[in-house]
Amino acid sequence: MADFVLELADKVAGVGVRTSYADKVQMGGAEIVPVALGAYGFGGGSGKDDTQGEGSGGGGGGWSVPLGAYVSRGGDVRFEPNVLGLLIVAIPLVAATGKALKIVIRALKR
């Protein structure tokens with residue numbers, strides 16, 4: 001099991017930036033760099049019990065939401081958002097902020 005974990009760690013060590021920014025693409029005279037919000041996680045375990053025997057397991061998963069792209073045309077670079085992707089990310093953030101503010105306001109009223 002330890003060898004598997006070390007192999008997995010080696011494979012995902014440099015994934016951080018590649019999770020958020022894709023390779024530059026040339027399209028219609030413009031250079032485009034796609035941007036996404038992504039996360040991933042892995043876990044594993046093992047155990048030994050005299051009555052049950054030995055066992056081990058592992059798993060992982062991830063997700064990615066496209067937020068938009070940096071577009072360069074004629075020396076001008078700007079971010080063009082993917083509105084749906086930004087809404088997917090913003091709605092939970094706004095809901096959590098609202099809930100936190102509600103708790104703070106109630107605490108201050110006491």
Side-chain angles (χ1 to χ4, degrees):
M1 182 59 134
D3 292 337
F4 169 73
V5 173
L6 292 175
E7 277 183 42
L8 188 59
D10 286 340
K11 290 185 188 217
V12 298
V15 173
V17 172
R18 290 184 305 206
T19 301
S20 299
Y21 300 98
D23 293 331
K24 183 172 35 173
V25 177
Q26 294 281 342
M27 185 180 291
E31 292 181 344
I32 301 171
V33 179
V35 180
L37 175 67
Y40 56 91
F42 301 95
S46 64
K48 185 173 182 174
D49 185 358
D50 292 336
T51 61
Q52 298 288 326
E54 190 172 328
S56 63
W63 55 269
S64 181
V65 177
L67 298 179
Y70 285 104
V71 180
S72 173
R73 290 187 186 106
D76 181 36
V77 178
R78 67 175 198 222
F79 181 75
E80 294 186 6
N82 172 3
V83 178
L84 183 59
L86 290 174
L87 283 174
I88 290 171
V89 172
I91 289 173
L93 179 64
V94 170
T97 302
K99 191 166 192 151
L101 282 174
K102 179 180 172 183
I103 292 170
V104 169
I105 290 170
R106 281 189 180 175
L108 290 175
K109 284 184 177 181
R110 292 182 186 174

For the hydrophobic clusters of this structure (ILVMFWY residues joined by side-chain heavy atoms under 4.5 Å, transitively), does one cluster hold both M27 and V71? yes
With a 4.5 Å cut-off on side-chain heavy-atom distances among I, L, V, M, F, W and Y, is there a chain of contacts connecting I88 to L86? yes
Please tabulate, for the side chains in residues 73-81, all donor-acceptor contacts under 3.5 angstrom to protein atoms that are two or more places apart in sequence or on a different chain.
from	atom 1	to	atom 2	distance (Å)
R73	NH1	E80	OE2	3.4
R78	NE	E80	OE2	3.2
R78	NH2	E80	OE2	2.8

What are the two closest non-hydrogen atoms of G85 and V65, and how far apart are they? O-CG1, 3.6 Å
Contact summary for W63 and L37, nearest pair of heavy atoms: CZ3-O, 3.6 Å
Going by atom type alone, with no hydrogens or angles, which donor-acceptor pairs under 3.5 Å involve a side-chain atom of residues 89-110 and a protein atom two or more places apart or on another chain?
from	atom 1	to	atom 2	distance (Å)
T97	OG1	L93	O	2.8

Just grab all the side-chain hydrogen bond (donor to acceptor under 3.5 Å, both in side chains) pairs involving residues 24-33, residues at least two apart or on different chains. Q26-E31
